[in-house]
Amino acid sequence: MLPNIVLIGFMGSGKSSVGRRIASLAGHRFVDTDELVAKRAGQSITQIFNTHGEARFRDLETAALLDLAHARGIVLATGGGIVLREENRAALRRIGPVAWLDAHPDTLFERVSRVKKRPLLQTDDPRASFDALLAERRGVYAQAADFRIDSTDRSHEDAARAVIAEAEGLQNRARGFDS
Ligand code: S3P
C-alpha cells in the first residue's frame, strides 16, 4: 500500500486538485489543512485572517497538523505557508513523504488570480506581494520536501501520477529494493 503523501507548495501549485486525484488513484482519503483549520475555527480562512490575524491562523494550522500525527492512508494538501515553522516541517516529515508541487511563477500567479480568496494577496500590488513571498519561500519548500514535481505543463492527472511514482520509488529505496 502506498504511504501517506504530503503535498506542499506555493498558492496555485495545485495541491488540492492534484491531491484529490492522488487520493482517488491510491484509494487514500484526501485531507486539506485549510479545511481542517476552517472547521476548527468555524470560520473561513479569510475571516480568520481578518478577525484574528495571521499568527492565530498559523497556530490553528499547527494544531491541525498535530492532530494528524497518527493518520494512515491519507493524502494531505497543506496551506502554502505551513512550511514556515520548523515544528510543522518536522510534523509533515513524520506523516509521510513530502512532495513539493511547483510551477513557473507566471503560471502560479495566473492560477491564484482566478480566485480572490487569498488574504496574503489582498494588497495594493498583488504581483509584488506574490513575488516577495515566493522568493522568501522557495528555499524553504526545497528544504522541507523529499522531491519536487513541476506542474507547469502537466494535467492534474499527470502530476498526480508523477507524485505517486516518486513516492513509490522512495518507499522501494527505503526497503532496499531497486526502483
Ligand atoms: C497561505 C496559503 C493558503 C492559506 C492561507 C495562507 C500562505 O493556502 O493557507 O491563505 O501563507 O501561502 P493555499 O496554498 O492552498 O492557497
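For clarity, every value in this text was computed on a predicted model and none was experimentally measured. The basis for the numbers below is simple: all heavy atoms, side chains too, and nothing from hydrogens, waters or symmetry mates. Residues take their numbers from the sequence shown, with the count starting at 1. Atoms within each ligand, like the ligands themselves, are counted from 1 in listed order.
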Exercise for review: I would like to know whether Asp67 and Arg40 meet salt bridge (charged side-chain N to carboxylate O under 4.0 Å, His left out); could you show each step before the answer?
Suggested key: CA-CA 11 Å; Asp67 281 351; Arg40 186 180 270 259; 2.3 Å; yes

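- Enclosure of atom CG in Asp153 is not indicated, since only 12 or fewer non-hydrogen atoms of other residues, nucleotides or ligands lie within 6.0 angstrom.
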Polar pairs, ligand 1 vs protein, N/O only, below 3.5 Å.
residue	atom	partner	partner atom	Å
ligand 1	8 (O)	Asp34	OD2	3.0
ligand 1	9 (O)	Asp34	OD1	2.7
ligand 1	9 (O)	Asp34	OD2	3.1
ligand 1	11 (O)	Arg58	NH2	2.7
ligand 1	11 (O)	Gly81	N	3.4
ligand 1	11 (O)	Arg137	NH1	3.4
ligand 1	11 (O)	Arg137	NH2	2.9
ligand 1	12 (O)	Gly81	N	3.4
ligand 1	12 (O)	Arg137	NH1	2.6
ligand 1	14 (O)	Lys15	NZ	2.5
ligand 1	14 (O)	Gly80	N	2.9
ligand 1	16 (O)	Arg118	NE	2.8
ligand 1	16 (O)	Arg118	NH2	3.1

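- A heavy-atom distance below 4.5 Å is not found between the side chains of Trp100 and Phe147.
- Side chains of Asp106 and Arg127 form a contact here, defined as non-hydrogen atoms less than 4.5 Å apart.
- The number of heavy-atom neighbours closer than 6.0 Å to CZ of Arg29, taken from other residues, nucleotides and ligands shown, is 12 or below.
- A salt bridge (charged side-chain N to carboxylate O under 4.0 Å, His left out) with Asp102 is found for one member of Arg148, Lys15, Arg137 and no other, namely Arg148.
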